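Both counts, for ligands and for their atoms, begin at 1 and track the order of listing. Here the structure is a predicted model, which means the values were calculated and not measured.
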Amino acid sequence: MKIKESLKTHGQWVGKWTFILAATGSAVGLGNIWGFPYKAGTNGGGAFVLIYLACILIVGLPIMMSEIFLGRRSGTSPVNALRIAAHDTNSSQSWRFVGWSGLAAGIFILSFYSVIAGICINYIFIAAQSSEIVNSAEKFNEVTSSPYNLLFWHSLFIFLTAFIVSLGIKSGIERMVKILMPMLGFLLIFMVISSAINGDFNKAIEFLFAPDFDQVNSQTFLSAMGQAFFSLSLGMGSIMAYGAYMPKDENIVSTSFSVGSLDTLVAILAGLAIFPIIFAFNMEPNSGPGLVFISILTAFNQMEFGNFLGPIFFILLTIAALSSSISLLEPSVAYFAEKQILSRKSSAIAISLFAWTLGIGSALSFNLLSDFYIYDRNFLDFMDFIANQILLPLGGMLIAIFVGWFIPDNLIKEETGDFALFKLWKFFIKFVAPTAVFIIFVSQFI
Ligand code: PHE
């Protein structure tokens, strides 16, 4: 497919900020607001934050630039972006399987992401009555023990995702991120201010920014690197697909820096919104994945205006999840639409129906299937493992190798221009990023 035809199929972002908003929308999600604080919490705070920042700089940003480069160069979905780049450089056509594995990872992630995001929607209403809730842990049990309840919210969330994607680039994704992202920024700042007033802000600052290197071990590096990867939406083609709709006159290098900085800023602000409350109410910062649902509800229910601030927090989480989930669905919808196998609308419906069905397993892993294990993991954890710990790192590493070793400099510069740090970027993408990801990938099996 030629670039012109594909742009007719998908359209292009309008305006300078749209790509940045859309890519930031993809990057900022449950990973930042729920994952980052709890991982920082279980990995010693400041030291984790510092290593995380280093990972964003030396692995995340170089791979992000490569993904945008591949996407914009072809103007197509990831599978075709890799196919076209392989063709133009006389490389093996097998490279397009990296695109395929990305589509699969996107659908896997969407299936369970939607179940968790569904719980967030449910919590908007639960938090509104938080003052009547005596025991937050029991409440969480009650919410997750009903298959019907989880399936209802899961269905609603995936329906919203499919609906936005089916509308297309301009009237769907672009319009949504233009409303959602500023709202998210506003709500987050509001949450930080209210946490500063109601919580123990100094202790939170100390926890997040005073590194205690005694607590650092190899696990900290692994965890920080994995988090950087997932948080920037790298390794599966989301950013590549969005890059395809980026106008040619926009600068790939500065845009990548903007998206990376905004994603990091949101993660840190999320920490500043959550930890002051956690410390003020004497809860443990390292309580793990339950941090948001159980601890935060406990905190809100003891707080003045908790019935009002609680729902705002969960609206925030839902918005962040929604602007990420649309980017999980977009690569495969774009591919189907491009191939003219199905229209954009029908592909959005068909693929989300598939993800919805897979998601049933994850929803039931909280209740009916809680005793069902695949290799020591329940269904949701297993899907999470396949996607985040196998497909994403592998995808990211292969993208780095492909761009670093198989694409000549002049082809890259046609898209990126000749920028000051080109040589440094090339060094990172050729050697540093693949090696670092390889070490992480292998060490999880040791
Ligand atoms: N980056 C998103 C988050 O932080 C998740 C995501 C991963 C989205 C991969 C798209 C692709 O929640």
At what distance is the nearest protein heavy atom to atom 7 (C) of ligand 1, and which residue and atom is it? F230 O, 3.5 Å
Report yes if some heavy atom in the side chain of D381 is under 4.5 Å from a heavy atom in the side chain of I374; otherwise report no. no
Does G31 reach ligand 1 with a nitrogen or oxygen that is under 3.5 Å from one of the ligand's nitrogen or oxygen atoms? yes
Show which atoms of ligand 1 fall inside a sub-4.0 Å distance from at least one heavy-atom site of S327. 10 (C)
Look at the rings of F293 and F140 and say which category their plane angle falls in: under 30° parallel, 30 to 60° tilted, over 60° perpendicular. parallel
Residues 431-440, side-chain donor-acceptor partners within the protein, below 3.5 Å, at least two apart:
residue, atom, partner, partner atom, Å
T435, OG1, F431, O, 2.4

Out of all atoms in ligand 1, which are within 4.0 Å of some heavy atom of S26? Include the element for each. 1 (N), 2 (C), 8 (C), 10 (C)
Does the plane of the ring in W13 sit parallel, tilted or perpendicular to the ring in Y245? Use 30° and 60° as the thresholds. perpendicular
With a sphere of 6.0 Å drawn around NZ of K345, does it hold more than 12 non-hydrogen atoms of other residues, nucleotides or ligands? no
Flag the pair E250 and R72 as a salt bridge only when some basic side-chain nitrogen lies within less than 4.0 angstrom of an acidic carboxylate oxygen. no
Using a strict cut-off of 4.0 Å, indicate which atoms of ligand 1 neighbour a heavy atom of S238. 10 (C), 11 (C)
Which protein heavy atom lies closest to atom 4 (O) of ligand 1, and at what distance to 0.1 Å? A27 O, 2.9 Å
Could you check atom 9 (C) of ligand 1 against the protein and tell me its nearest heavy-atom contact, residue, atom and distance included? S233 CA, 3.6 Å
N32 heavy atoms, cut-off 4.0 Å: which ligand 1 atoms fall inside? 4 (O)
Please list, in number order, the atoms of ligand 1 under 4.0 Å from a heavy atom of S231. 1 (N), 4 (O)
Among non-hydrogen protein atoms, atom 12 (O) of ligand 1 lies closest to Y113 OH, 2.6 Å
Ring-plane angle category for W100 and Y335, please: parallel below 30°, perpendicular beyond 60°, tilted otherwise. perpendicular
Of all residues at least two apart in sequence or in a different chain, which pass the salt bridge (Lys or Arg N to Asp or Glu O under 4.0 Å) check with E174? K178
For ligand 1, which atoms sit closer than 4.0 Å to a heavy atom of L30? 12 (O)
